[in-house]
Amino acid sequence: MKWVASGLRTGIKTTAYPRGAENAPGVTPGLPLGAALGEHAATLAERCPTHALAHAQGKISVDYRRCVHCYRCARGVPQPLAWKPGYEWAGSRGGNELGAPFARSIHVLVVDAGDCGACLNEVRQLNNPYYNMHRLGFFITPTPRHADVLLVVGPVTDHMRAALKKIYDAMPTPKRVVAVGACALSGGVFAESFVCGKGVAELLPVDVEVPGNPPPPLAILHGLLVAVGRAAPAALASSGS
Amino acid sequence: MDCAALKDRIEAGWPGRVRCRLDAGARVNEVTCERVLLAELCARLFHDWDCVFAGLIVEEGADAWQLRYVFYGERDAGWVHVLVAAPLADSVFPSIAVEAKVFAADWHEREAEDLFGVHFEGHPRLGDFVLHDDAWQEGVEPMRRGFDAAAALRDRRPAADWRPRRVVQESGAFVLPIGPKFSGVAESVHFQLETVGEDVIRSWTRLFYKWRAVEKLAEGKRVEDALLLAERFAATTAFAHGLAFCQAVEAIARASVPPRARVLRVFLAELERLRQHAGAIQEICESTALVVANSQAGLLEEDLLRASGELTGHRYLFGLLAPGGLATDLATEACREALGEAQGVVARLDALERRLKVSSSFLDRIEEVGVIFPRTARAYSLVGPVARASNLARDLRRAQPYLGYESFEFDVPSEQEGDGYARLRVLFAEARQSLRIMEQAAAALREGAVQAPVALVAGAALGWVEAPRGATFHWVRLDDQARVARYRAVTPSFTNWHSFHLGAERFAFQDFPIILSTFDLSAAENDR
């Protein structure tokens, strides 16, 4: 009884997203915005360790698949890039094979393919009362046989390749793959070596891409909403114009 | 005993046969000995002279191996680095895990054998450790200098007939395999539980599914790029590992960190510890299916993630550290706000602990399970909350202070029982101590620079930090272009996972997830 009372006393904590915006401070690290920087563009692009920044004619463009939140474009430079707040970052590749019947009930299988722990920890937060993804009809399942969506974090290490492929093959169709985090999208700081490739798409057909290092819980939620056609996908790059 | 007295003892023990060089400033005794003396010397250090085994660092020189066995004592006793060398062609060393009974060295030797191809005589279980035998053939030695880390290894000849070892041979005995993919949101690890019925008789953990070869990838990189790897290989404790790396680099360059940066580093390190402990408490509540407690602890972890994000821009404190201090200053006012948030969280953690202590259904699940006896904790040189719950009250912030921790007042909580409940109580108590330190740090903040220039030179040094999960040691060697020539990270999950099987055996199947959660182990941190 004491537990019930203490639970009730806590009140409702759940975010308004996706019906409204979530503006609480600290829910997202943001992402850098492309910009016209003139002569500084080349030096700034060189600072980026994962080549997420490219420059042409004095303009910086950002490839969000590669951004690892090192802040080198934001700190210690004369003309830093502005970072946009927000969290609706997920991009989509191709159509939605799941269709309407799945829109309000999907079972998600989460596979760690070499994650550093941060993406996985942000996925874990989706079950805390702030995000409570059950209210949207999203459930985590431990078995591929019940899964509609495969959510992969990590750059896909050599030792996880076989397991990941087996898991995907064991899922019934229709199914979608959501790749979460810079490592899953591009290999991040671990690409490219004898034990890590350039992300999930080398092995499986990826449908939804959620950038970030790690993407905050709301961005992962957006990715799942995109996967079932309940939210519009975002662009995975910022061009600077 | 201080480090000078230790030097005398070592020299008196093997007159003329060991060379001992004391760096009094760093309190490091570098002892060079022959291979035949290694086990004897390590045994004396570990069993008689109260030195703890920190780790083994293997380095491949131009024509010789150098193996560095790092030990440390309390405060003035300082550090002992035992060095043995051998020509590259002659790579057989005694196993100190076996001969000197320094069990903590067991996994270090296995890793070195797998990745470098050096052999440890008498070690009973070499092979199939970091490099899985069903994925790689013997003879692949990726940490060797000639191995190209950037290129995929074309010649792959995995063992087709690889089968896990089974020990329990009894009619009705069976193996329950778990993972690498198991449970809802869990890291990739494989467990095998052997049983003849209810109780786990033997458990075996297969790790390194997530091996990203971070130590190899760091080689040849500039310091600032290797720092990205140090921060990102185990990002739930990113700040602690980044800090250990930076401290190693600063020790090489003999750079001093400005006072404001030191205090801010302490503040952030304790914020990270508090957040990680709140997360560990949440996982323990989740594993016992205590729904309300799970939700409430989940709120606390998210509150601290948000406070970290608001203060620094990043929820996991990425991008703040730089050799010589911090890459950016934080407003003193913002630190005070984050402190206010942390105070609120700790007050609610206290309330949660009070309710858990009187919830008998919860206590039934967590008391007297997963017991690690104090003698085991000592024999395995365990670290962090796991060790402190088994009456081993060792903490690097006390034993070998860094960042000025000696000027902060805090306790090192410990418990006697070594069971799951003791580990939980240590987590709660440490969260309170972290807040105490954060309060003192916030009060000690004075205006000033946050980054000092660092003139990089060739050299090598050890950086150490009491990370949230326990002691971590980062060895960095820079070449004359100031590129990383060797990086080695000894992590608390690697150290503690070595003993986990002892906690899991003798208990029932249904206790397994609970025991696992109370150890708060990270596969990312172990695998690197």
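The structure displayed is predicted, hence computed values, not measured ones.
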Side-chain donor-acceptor pairs under 3.5 Å in residues 115-123 of chain A, sequence neighbours left out?
residue  : atom : partner  : partner atom : Å
A:Asp115 : OD2  : A:Gly117 : N            : 2.8
A:Asp115 : OD2  : A:Leu120 : N            : 3.1
A:Asn121 : OD1  : A:Arg124 : NH1          : 2.2
A:Asn121 : ND2  : B:Glu301 : OE2          : 3.0
A:Asn121 : ND2  : B:Tyr316 : OH           : 3.2
A:Glu122 : OE1  : B:Arg315 : NH2          : 3.1
A:Glu122 : OE1  : B:Tyr316 : OH           : 2.9
A:Glu122 : OE2  : B:Arg315 : NE           : 2.7
A:Glu122 : OE2  : B:Arg315 : NH2          : 3.3

Which one, B:Gly309, B:Ala523, B:Ala235, B:Ala234, leads in non-hydrogen pairs under 4.5 Å with chain A? B:Ala235
Quick one: of B:Thr236, B:Leu153, B:Leu299, who has the most non-hydrogen atom pairs under 4.5 Å with chain A? B:Leu299
Greater than 12 external heavy atoms within 6.0 Å of A:Arg145's CZ: no
Which atoms of B:Leu321 are under 4.5 Å from chain A, going by heavy atoms: the side chain, the backbone, both sets, or neither? neither
How about NZ on B:Lys221, more than 12 heavy atoms from neighbouring residues, nucleotides or ligands closer than 6.0 Å, or not? yes
In terms of heavy-atom contacts, does NE2 of A:His146 have more than 12 from other residues, nucleotides or ligands at under 6.0 Å? no
Side chain A:Tyr71, main chain B:Gly313, donor-acceptor under 3.5 Å: yes
Residue pair A:Asn213 / B:Phe318, side-chain heavy-atom distance below 4.5 Å: yes
Below 4.5 Å, heavy-atom pairs only: which of B:Leu290, B:Thr237, B:Asp303 has the largest tally toward chain A? B:Asp303
Region of B:Leu305 that comes under 4.5 Å of a non-hydrogen atom in chain A: both
Tell me, side chain or backbone of A:Leu109 under 4.5 Å from chain B's heavy atoms, or both, or neither? side chain
Taking side chain as everything from C-beta outward and backbone as N, CA, C, O, which of these in A:Asp158 sits under 4.5 Å from a heavy atom of chain B? Side chain, backbone, both or neither. side chain
Kindly give the heavy-atom pair with the smallest separation between B:Ser359 and A:Trp3, and that separation in Å. OG-NE1, 2.8 Å
Counting only heavy atoms closer than 4.5 Å, note whether B:Arg222 contacts chain A via side chain, backbone, both or neither. side chain
So, A:His159 side chain and B:Leu207 main chain: donor-acceptor pair closer than 3.5 Å or not? no
Sort by residue number and list every member of residues 180-187 of chain B having a non-hydrogen atom under 4.5 Å from chain A. B:Pro180, B:Lys181, B:Ser183, B:Gly184, B:Val185, B:Ala186, B:Glu187
Is B:Glu525 close to chain A through its backbone or its side chain, or both, or neither, when contacts mean heavy atoms under 4.5 Å? neither
Give, as side chain, backbone, both or neither, the part of A:Asp112 having an atom under 4.5 angstrom from any heavy atom of chain B. both
Measuring heavy-atom distances to chain B, does A:Gln125 have an atom under 4.5 Å in its side chain, in its backbone, in both, or in neither? side chain
Check whether B:Ala151 gets within reach of chain A through its side chain, its backbone, both or neither, counting any heavy atom under 4.5 Å. backbone
When A:Gly7, A:Gly76, A:Pro129 are compared by non-hydrogen pairs under 4.5 Å with chain B, the top option: A:Pro129
Are B:Val292 and A:Ser6 side-chain neighbours, meaning at least one heavy-atom pair lies under 4.5 Å? yes
Please rank A:Pro214, A:Pro216, A:Ala191, A:Gly188 by heavy-atom pairs under 4.5 Å with chain B and give me the top one. A:Pro214
Does anything in residues 69-90 of chain A form a salt bridge (charged side-chain N to carboxylate O under 4.0 Å, His left out)? List the pairs, not counting sequence neighbours. A:Arg72-B:Asp225
Whether B:Arg306 engages the ring of A:Tyr130 as a cation-pi pair (distance to the six-membered ring centre under 6.0 angstrom, angle to the ring normal within 45°) should be assessed. yes
Side chain, backbone, both or neither: which part of B:Leu320 has an atom under 4.5 Å from a heavy atom of chain A? both
Just so I understand: if I count every heavy-atom pair under 4.5 Å between each of A:Pro217, A:Pro144, A:Ala74 and chain B, which residue has the most? A:Pro217
Report the distance from atom CG of B:Leu228 to atom CZ of A:Phe190, rounding to the nearest 0.5 Å. 10.0 Å
Is there side-chain contact between A:Asn127 and B:Glu286, with at least one heavy-atom pair below 4.5 Å? no
Side chain, backbone, both or neither of B:Val189 within contact of chain A (heavy atoms, under 4.5 Å): neither
Close approach to chain A in residues 210-219 of chain B, criterion heavy atom under 4.5 Å: B:Lys210, B:Trp211, B:Arg212, B:Ala213, B:Val214, B:Lys216, B:Leu217
If you count heavy-atom pairs within less than 4.5 Å of chain A, which of B:Arg232, B:Arg348, B:Glu310 leads? B:Arg232
Measure distances from A:Val68 to the heavy atoms of chain B and classify the residue's part below 4.5 Å as side chain, backbone, both or neither. both
Portion of B:Glu302 that has a non-hydrogen atom of chain A nearer than 4.5 angstrom: both
The interface call for A:Ala24 against chain B, heavy-atom contacts under 4.5 Å, is side chain
So which part of A:Phe194 gets closer than 4.5 Å to some heavy atom of chain B, the side chain, the backbone, both or neither? both
Between B:Ala351, B:Ala322, B:Ser522, B:Gly319, the one whose heavy-atom pairs under 4.5 Å with chain A are most numerous: B:Gly319
So which of A:Val110, A:Thr28, A:Ile167, A:Val108 has the biggest tally of heavy-atom pairs under 4.5 Å with chain B? A:Val110
Non-hydrogen atoms of chain A under 4.5 Å away: do they reach the side chain of B:Arg206, the backbone, both or neither? neither
Honestly, the part of A:Cys70 sitting under 4.5 Å from a heavy atom of chain B is both
Can you tell me which portion of B:Thr312 sits under 4.5 Å from chain A's heavy atoms? Options are side chain, backbone, both or neither. backbone
Among B:Gln451, B:Arg528, B:Glu283, who wins on heavy-atom pairs under 4.5 Å with chain A? B:Glu283
